[in-house]
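Note that the numbering runs from 1 along the sequence shown for the chain.
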Amino acid sequence: MKIGIVCYPTFGGSGVVATELGKALAQNGHQVHFITYQQPPRLDFFNENVFYHEVNVPSYPLFQYAPYESALTSEMVNVVLNENVDLLHVHYAIPHASAAYMAKMILQSRGRTVPIVTTLHGTDITLVGKDASYEPVVTFSINQSDGVTAVSEDLRRDTYKHFDIHREIEVIPNFIDLSRFKRQQKEHFKKAICPNGEKLIVHTSNFRRVKRIDDAVMVFYEIQKNIPAKLLLVGDGPERARIERLVRDLDIYDQVRFLGKLDAVEEVLSVADLFLMPSEQESFGLAALEAMACQVPVISSNVGGLPELNIQGVTGFLSNVGDVDDMVKNALYVLDDANLPTFQANALAKAKEFELSRILPLYEAYYERVLAVSNEQLSVNS
Ligand code: GMT
């Protein structure tokens with residue numbers, strides 16, 4: 001099959017899911033055409049089945065906001081026509097699903113049919129999408145997609161709750177490549193960061209408000225009052241400066257390291273003892289799955305799709321959003337040497353349920369179904 005994948009070229013979240021999915025599809029013999037405004041970070045290799053098409057958005061003095069959606073639409077039309085793409089799979093509804101609908105209409109006017117699959121990732125529904133500025137477009141483009149998937153049961157429920165959707169949404173959870181995300185021997189690294197056997201706590205995110213990184217810092221602040229510990233913060237984003245100030249104000253700067261955007265996050269996770277995800281909202285929590293695959297238990301908030309991944313008292317613990325005290329209590333319990341090995345083993349066992357080899361066939365089967373329905377409609381109409 002020839003598949004066009006549209007996504008954000010980001011370090012985490014939907015961009016990573018889309019890139020890893022495309023890579024796996026290519027390895028399975030499909031031809032994959034990525035359409036993005038920048039080369040995705042994890043697309044830095046050669047594979048004969050992988051193609052990259054950059055969306056070029058020409059500027060003009062009249063444009064206060066460059067019309068990215070129009071440029072993306074045109075690129076989708078061109079790629080489908082030039083590369084003979086069978087199906088377009090867009091990740092994150094805004095503005096990819098509406099651009100895809102427009103591309104489909106343009107292609108139809110030129111006698112070419114291409115079905116669209118939209119994958120909802122989270123904030124496109126729970127945070128940004130339901131805002132009145134976007135809601136009508138998001139509702140319309142979800143209803144008009146030929147296939148719609150959500151990355152968790154909770155996100156599917158939220159989509160029906162917040163939008164007037166009258167179509168099926170398939171849940172296909174995010175996945176993990178266990179050959180890459182596994183606990184590696186990185187003892188020298190651990191020794192360098194924790195020379196006195198401190199426990200190592202890790203948080204990774206895009207440093208947006210929704211991640212509540214202050215809570216992660218406050219949880220760590222309380223942990224280190226009880227046991228020797230260090231905190232690694234991986235990622236970058238708008239909250240970085242504020243969080244750095246908080247760490248200085250708490251006078252724990254020596255115990256906290258900001259590592260920035262890291263590609264080889266599995267190396268850091270390999271030496272971690274605990275992962276913190278105190279988010280306000282999290283439709284799935286891919287970063288937590290990456291940690292679990294590296295045998296790192298998770299202390300998270302009890303929101304969105306997190307209870308589908310982090311199992312209370314098994315792979316870690318979940319607390320109400322902002323309940324730092326409960327998170328600290330649970331963290332200290334997990335970090336106790338008598339408990340840690342069990343949580344580590346459970347985290348890996350749960351992560352295995354999301355192994356790439358289990359989830360990839362779900363996408364392939366879904367594409368087949370969407371294509372079959374599209375072809376059927378075509379033969380009825382002709
Ligand atoms: O919030 C982010 O981390 C970015 C965002 C994205 O789309 O890039 O993440 C969302 O999609 C991820 C991949 O499906 C999920 O693992 C995240 O839980 C989800 N983020 C939120 O719901 C806040």
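- To the nearest 0.5 angstrom, Asp325 atom CG is 9.5 Å from Met218 atom CE.
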- request: For the pair Arg245 and Asp214, evaluate salt bridge (Lys or Arg N to Asp or Glu O under 4.0 Å) and give the outcome as yes or no after the intermediate values.
  value: CA-CA 10 Å; Arg245 255 195 324 274; Asp214 335 40; over 6 Å; no
Ile193 vs Val271, side chain to side chain contact (heavy atoms under 4.5 Å, CB included): CA-CA, chis, key distance, verdict: CA-CA 10 Å; Ile193 296 174; Val271 291; 5.5 Å; no
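- In this structure, Lys182 has no salt bridge (Lys or Arg N to Asp or Glu O under 4.0 Å) partners at least two apart in sequence or on a different chain.
- For Phe317 and Phe343, the ring centers sit closer than 6.0 Å to each other.
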message: Assess the residue pair Lys211 and Glu282 against the criterion (salt bridge (Lys or Arg N to Asp or Glu O under 4.0 Å)); give the C-alpha distance rounded to whole Å, side-chain angles, the decisive distance to 0.1 Å, and a yes or no.
response: CA-CA 8 Å; Lys211 302 295 176 182; Glu282 206 67 64; 2.9 Å; yes
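- Electrostatic pairing of Glu244 and Arg240 counts as a salt bridge here, judged by a charged N lying under 4.0 Å from a carboxylate O.
- To the nearest 0.5 Å, the span separating NE2 on His162 from CG on Asp131 amounts to 12.5 Å.
- Taking the charged nitrogens against the carboxylate oxygens, Asp236 and Arg208 have no contact shorter than 4.0 Å, which rules out a salt bridge.
- Every residue two or more places apart in sequence or in another chain was checked for a ring pair (Phe, Tyr, Trp, His ring centres under 6.0 Å) with Tyr134, and none qualifies.
- The CD1 atom of Ile125 sits 11.0 Å away from the OH atom of Tyr160 when rounded to the nearest 0.5 Å.
- With values rounded to the nearest 0.5 angstrom, Asn330 atom CG is found 5.0 Å from Ser319 atom OG.
- Here the shortest heavy-atom pairing between Val128 and Tyr92 reads CG2-OH, 3.8 Å.
- Here Asp146 pairs with Lys104 in a salt bridge; the nearest charged N to carboxylate O distance falls below 4.0 Å.
- Summarising the geometry of Gly304 relative to Asp154, their closest heavy-atom pair is CA-OD2, 3.0 Å, with the distance given to 0.1 Å.
- Looking only at side-chain heavy atoms (C-beta outward), Glu198 and Pro195 come within less than 4.5 Å of each other.
- Ring geometry, His53 versus Phe51: the interplanar angle falls under 30°, so the pair is classed parallel (tilted spans 30 to 60°).
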- request: Apply side chain to side chain contact (heavy atoms under 4.5 Å, CB included) to the pair Asn28 and Met1, showing each step before the final yes or no.
  value: CA-CA 10 Å; Asn28 251 14; Met1 197 184 292; over 6 Å; no
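- Inter-residue side-chain proximity for Val138 and Asp124 is flagged as unmet; no heavy-atom pair is nearer than 4.5 Å.
- Salt-bridge check for Glu280 with Arg212: passed, with a basic side-chain N closer than 4.0 Å to an acidic carboxylate O.
- To the nearest 0.5 Å, atom OG1 of residue Thr204 and atom NZ of residue Lys261 are 13.0 Å apart.
- Contact check on Glu20 versus Lys23 returns a salt bridge, with a Lys/Arg side-chain nitrogen under 4.0 Å from an Asp/Glu carboxylate oxygen.
- Side-chain contact annotation: Gln27 with Asn47, donor-acceptor N/O pair under 3.5 Å absent.
- Looking at heavy atoms from C-beta onward, Leu200 lies in side-chain contact with Cys194 at the 4.5 angstrom threshold.
- Shown here for Ser283 and Ser152, the closest heavy-atom pair between the two residues is O-OG, 2.6 Å.
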query: Given Arg156 and Glu153, is the salt bridge (Lys or Arg N to Asp or Glu O under 4.0 Å) satisfied, shown in steps?
result: CA-CA 5 Å; Arg156 170 161 66 178; Glu153 290 289 347; 3.0 Å; yes
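- Thr119 and Thr149 share a donor-acceptor pair across their side chains, judged by distance under 3.5 Å alone.
- Of the possible polar contacts, one joining the Asp323 side chain to the Asp326 backbone as a donor-acceptor pair under 3.5 Å is found.
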- request: Take Glu69 and Ser98 through the side-chain hydrogen bond (donor to acceptor under 3.5 Å, both in side chains) test and state the conclusion after the steps.
  value: CA-CA 8 Å; Glu69 193 168 338; Ser98 46; 2.8 Å; yes
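- Here the side chains of Glu54 and Tyr37 are not in contact, with every heavy-atom distance at 4.5 Å or above.
- Summarising the geometry of Thr73 relative to Ala103, their closest heavy-atom pair is CG2-N, 3.5 Å, with the distance given to 0.1 Å.
- Around atom CG of Asp263, more than 12 heavy atoms belonging to other residues, nucleotides or ligands sit under 6.0 Å away.
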task: Begin with the C-alpha distance, continue with both residues' side-chain angles, and end with the deciding distance and a verdict on salt bridge (Lys or Arg N to Asp or Glu O under 4.0 Å) for Lys2 and Glu83.
output: CA-CA 8 Å; Lys2 292 186 180 181; Glu83 308 289 347; over 6 Å; no
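- The pair Lys352-Glu355 does not meet the salt-bridge criterion, since no charged nitrogen lies less than 4.0 angstrom from a carboxylate oxygen.
- Between the side chains of Ser300 and Asn310, at least one donor N or O sits under 3.5 Å from an acceptor N or O.
- Judged by distance alone, the side chain of Ser141 and the main-chain N or O of Val137 form a donor-acceptor pair under 3.5 Å.
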field: Verdict with supporting geometry, His96 and His91, side-chain hydrogen bond (donor to acceptor under 3.5 Å, both in side chains)
entry: CA-CA 7 Å; His96 300 156; His91 290 259; over 6 Å; no
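- Every residue two or more places apart in sequence or in another chain that forms a side-chain hydrogen bond (donor to acceptor under 3.5 Å, both in side chains) with Arg180 is listed here: Glu266.
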message: side chain to side chain contact (heavy atoms under 4.5 Å, CB included), that's the test. Do Thr123 and Gln281 meet it? Break it down for me.
response: CA-CA 8 Å; Thr123 49; Gln281 181 51 248; 5.9 Å; no
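- In this structure, Phe354 and Leu309 have side chains that are in contact, with non-hydrogen atoms separated by less than 4.5 Å.
- Taken from CG in Asn84 to CG in Leu81, the straight-line distance is 9.0 Å, to the nearest 0.5 Å.
- Side chains of Pro278 and Val321 form no contact here, defined as non-hydrogen atoms less than 4.5 Å apart.
- Under the 4.5 Å side-chain criterion, counting only non-hydrogen atoms from C-beta, Gln255 is in contact with Phe220.
- Nearest heavy atom pair, residue Leu371 against residue Asp86, reads CD2-O, 3.7 Å.
- For the pair Leu233/Val256, a side-chain contact is recorded, criterion being any heavy-atom separation below 4.5 Å from C-beta on.
- In the hydrophobic cluster analysis, where Ile, Leu, Val, Met, Phe, Trp and Tyr join through side-chain heavy atoms closer than 4.5 angstrom, Met102 is grouped together with Leu88.
- The two residues Val296 and Leu269 make their nearest non-hydrogen contact at CG2-O, 3.3 Å.
- A donor-acceptor pair shorter than 3.5 Å cannot be found between the side chains of Tyr363 and His89.
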